[in-house]
Amino acid sequence: MPIQQLPPHLVNQIAAGEVVERPASVVKELVENSLDAGAQSVRVEVEQGGRQRIRITDDGQGIDREELELALSPHATSKIGSLEDLEAVASLGFRGEALASIASVSRLSLTSRRAGQDSAWMMEVRSGSLEGPAPAALPQGTRVEVCDLFYNTPARRKFLRTDKTEFGHIDELVRRLALARMAVSFELIHNGRASRRLVAAGDEDARQRRVASVCGEDFINQAIFLEREHAGLRLSGWVARPSFSRSQADLQYFFVNGRLVRDRLVAHAVRQAYHDVLFHGRHPAFVLMLEMNPRGVDVNVHPQKTEVRFRDGRTVHDFLFSTIHRVLADTRPGAQAAGAPGPASPFPPAAGSGYGSGPGGQQHGLGLGVAEAVRRYAELAPARGEGESADAEIPPLGFALAQVHGIFVLAENARGLVIVDMHAAHERIVYERLKQSWEEDRIRSQRLLVPEKLAVSSAEARAVEVHADALNRLGFDMDLAGPESVLIRAVPTLLARADSAQLVRDVLSDLVELGDSRRVEAAIDELLSTAACHGSVRANRRLNIDEMNALLRDMERTERADQCNHGRPTWVQLDLKALDQLFLRGQ
C-alpha cells in the first residue's frame, strides 16, 4: 500500500485501543474528567457490566455550548496549553483523547450546562458523525452516556468478560477514586440497583469511615495513621500492622497528587520498610497519599496514566522508606496509635532477671498475685502525682500471673488479660539488640585471599564507578577489570561465607535500577534474625514471676515488639468484654 493519511475516525479507534480497554476504562476517563471539573458529587450508572450502557453524571462546572463540539474532537482539552503546563500537570487528564476515543467505539451523548445558562445542551456522536447541539434538561454539571460499547469493533467486544467480572472492575475503580478524593461523594448503580454510596468525608472520622467502607473494617482496625512532611514531600494515610498481611498485593493503594499509580520505586520502598516484620511471601496493606510539586513527577509516561516517573527518585524512595519504617518501629505495647513513640515505661527490669540465660527459677503459678506484683513494682516506680489515676501504675502489658506449658506468659493489665508468646517476644528483643549493636560498629570488610572476577553488564560496570563510595560503605572493595567485568577484593565480614558473586550482582542491579541498595543490610539482618532465633529463650523454659515481668518490660521498650522477626504476633489482648463473651456473662 502507498503511504496515506489515516482518516480521523480510524485514528480515534487506534487511540481507543490504548485508552479504552474495557468498560472500567471508560468509567475511569469520564469520572476523572468530572473530578477535574470540580465535581463534588459523581453518579455512575452501568447496565450489563457497562457493555450496554454507562452514564456518568456530575455537578461540576460544565461545558459551554460553543465548546461541546470541540470537546469531542481529538487532542482538545482545557487542561494544558503549553509545554510548561505539561511539565506541571495537576489534573488527572490532560491529553484530550478520552471523549473522541470513546465516541469512536460506542454511541455517545454529551450533555452539559454551565452556571448562568438558561438550559443544558446536548451533542451526540453516531458512527463518527456529530449531531447537535440541541437543548436538554440538566442541572449545572455534565452527563455523558455511552451505549453499546465496541458495537462497531466486534473483535474487541469478544474479549470482554462476564457482566459480573466487568462490573467488578468498575466497582474497584470507584473504590480507588473514592480513596483519592475523600471530599467527593460517589454513587454506583448497576442494573438499576444501588451498589455503593459513599458520602463526602470532611473530617478525620469521616475519612476513616470511608477507608473502612472501601478496605474493610478489619483493615482500619489494624491500621496506623501516619502524616509527615519533608523536603517538599508530604505523606499521609494508613499502613496496616504486620499482623494484617495479605497473600496478594490486593490492598495497596498509593496516590501521587490524587492520582492512583503503581510504581516499582514505591513498591520497593514499602517492601523494604516491612522487610523484617512480615512472613516471606506475604504482602503489606496500605492506603497512602503522596503530595509533591507537580514539576517533580512526570505523569506522561503511560497511555492510561497508571505509571509515573519521579525526577528525584532517590529522595522519594528514602522519604517513603524512612517514614513507614519509623511508624512500624513504634509498633510496641503502649505506643500511640498514630505511630509516635509511646511514653517510656517507668518500671526498670527486676534485679537478676536473666530470663534469657542462666537457670530458670521455679514457677510460682498464682502464688504471687497481681496485688503483690503491683506493690513490689510500685516501690521501684516514681511517686504518682496528684490527680493521676491508679491505672497509671499499671504498665501497658501489666504484670505476670503465670506460665502455660512453658510457652505462654499470662499477665493482667488495666484492660484485662494479656497472653504473650514467650519465645516470639524474646526473639524480637534479642534481634533488635543485635541490630543496634551491629549498627554501632559497622561495616567491616574482609579481604578475599584470591580476588574473584565477575562478569557483569556494561550498566553494572558503570555503577561500580559511579557508586564507589556507597559500595565502600557497604563493605565492598571492587575494581573494574574490563568494560563488562569487575574484580571483587573484599566483602562485608558477616557475609564472608555467603555467595559473594550473587550478592554483588544483586547490589549492582539495585544500584542500576534504583540508585540505592539495601541488599547487604537485608542479608545481615537475616543472619542476625537467625542468631536471635537461636539465642532467645526456648519453649518449655520455666520462668519465675520476676523473669516474666522483666520480659514484659523489655517488650514495652523494644521497637517492633508487637511481632517477631517472622511477622507473627508476640502478644494478644483479651479485654473484660471479650472475657465476658466467652462465658456468656450478662447474656
Side-chain angles (χ1 to χ4, degrees), residues 263-283 309-310 312-322 324-325 431 434-534 565-566:
D263 185 83
R264 286 183 295 176
L265 181 143
V266 171
H268 184 269
V270 175
R271 189 168 59 250
Q272 288 295 319
Y274 274 88
H275 84 277
D276 65 348
V277 291
L278 278 186
F279 275 117
H280 179 71
R282 303 290 293 181
H283 299 272
R309 182 182 295 117
F310 297 102
D312 189 357
R314 176 71 177 273
T315 298
V316 174
H317 180 280
D318 291 348
F319 173 66
L320 295 176
F321 168 76
S322 61
I324 301 173
H325 186 263
Y431 177 44
L434 287 174
K435 285 201 299 183
Q436 183 177 1
S437 175
W438 168 251
E439 289 170 357
E440 293 171 353
D441 188 31
R442 68 173 178 182
I443 290 178
R444 297 181 180 180
S445 298
Q446 177 173 318
R447 301 195 71 80
L448 302 179
L449 291 176
V450 179
E452 184 174 354
K453 190 173 182 179
L454 181 65
V456 296
S457 68
S458 57
E460 291 170 342
R462 287 194 298 270
V464 172
E465 290 185 309
V466 175
H467 301 281
D469 292 340
L471 290 170
N472 288 334
R473 287 196 301 270
L474 292 175
F476 291 103
D477 182 6
M478 288 186 287
D479 295 322
L480 287 179
E484 293 186 350
S485 62
V486 298
L487 206 60
I488 308 172
R489 300 186 183 276
V491 296
T493 302
L494 272 185
L495 304 177
R497 297 184 179 181
D499 186 346
S500 56
Q502 185 60 48
L503 181 61
V504 168
R505 286 194 180 94
D506 291 343
V507 170
L508 293 180
S509 176
D510 287 345
L511 291 175
V512 171
E513 184 74 19
L514 303 168
D516 189 19
S517 177
R518 290 187 53 84
R519 297 278 181 174
V520 174
E521 288 89 339
I524 291 173
D525 286 347
E526 186 174 350
L527 289 177
L528 297 181
S529 175
T530 301
C533 184
H534 291 296
N565 314 344
H566 313 294

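Note that the structure is a prediction, hence the values are computed from the model and not measured. We're numbering straight along the sequence, starting at 1. Just so you know, these numbers use all the heavy atoms, side chains as well, and skip hydrogens, waters and symmetry mates.
Separation of atoms CZ (Arg447) and CG (Asp477) is listed at 5.0 Å; rounding is to 0.5 Å. For the atom pair Asp263 CG and His317 NE2, the distance stands at 10.0 Å (nearest 0.5 Å). Rounding to the nearest 0.5 Å places CD of Glu460 at 9.5 Å from CD of Glu484. In this structure, CD1 on Ile324 lies 7.0 Å from OH on Tyr274, to the nearest 0.5 angstrom. Taken to the nearest 0.5 Å, the CG atom of Leu265 stands 7.5 Å off from the CG atom of Leu320. One finds the CE atom of Met478 at 10.5 Å from the CG atom of Leu487 (value rounded to the nearest 0.5 Å).
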*Go through Leu448 and Ile488 one step at a time and tell me if the side chain to side chain contact (heavy atoms under 4.5 Å, CB included) criterion holds.*
CA-CA 8 Å; Leu448 302 179; Ile488 308 172; 4.1 Å; yes
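In this structure a side-chain-to-backbone donor-acceptor pair under 3.5 Å is present from His275 to Gln272. Checking side-chain atoms of Ser509 against main-chain N and O of Arg505 turns up no donor-acceptor pair under 3.5 Å.
Contact record, Leu454 with Ala501: CD2-O, 3.8 Å, taken as the closest heavy-atom pair. When every heavy atom of Ser445 is checked against every heavy atom of Phe476, the shortest pair comes out as OG-N, 4.3 Å.
Considering only heavy atoms from C-beta on, Thr315 stays 4.5 Å or farther from Phe310 through its side chain.
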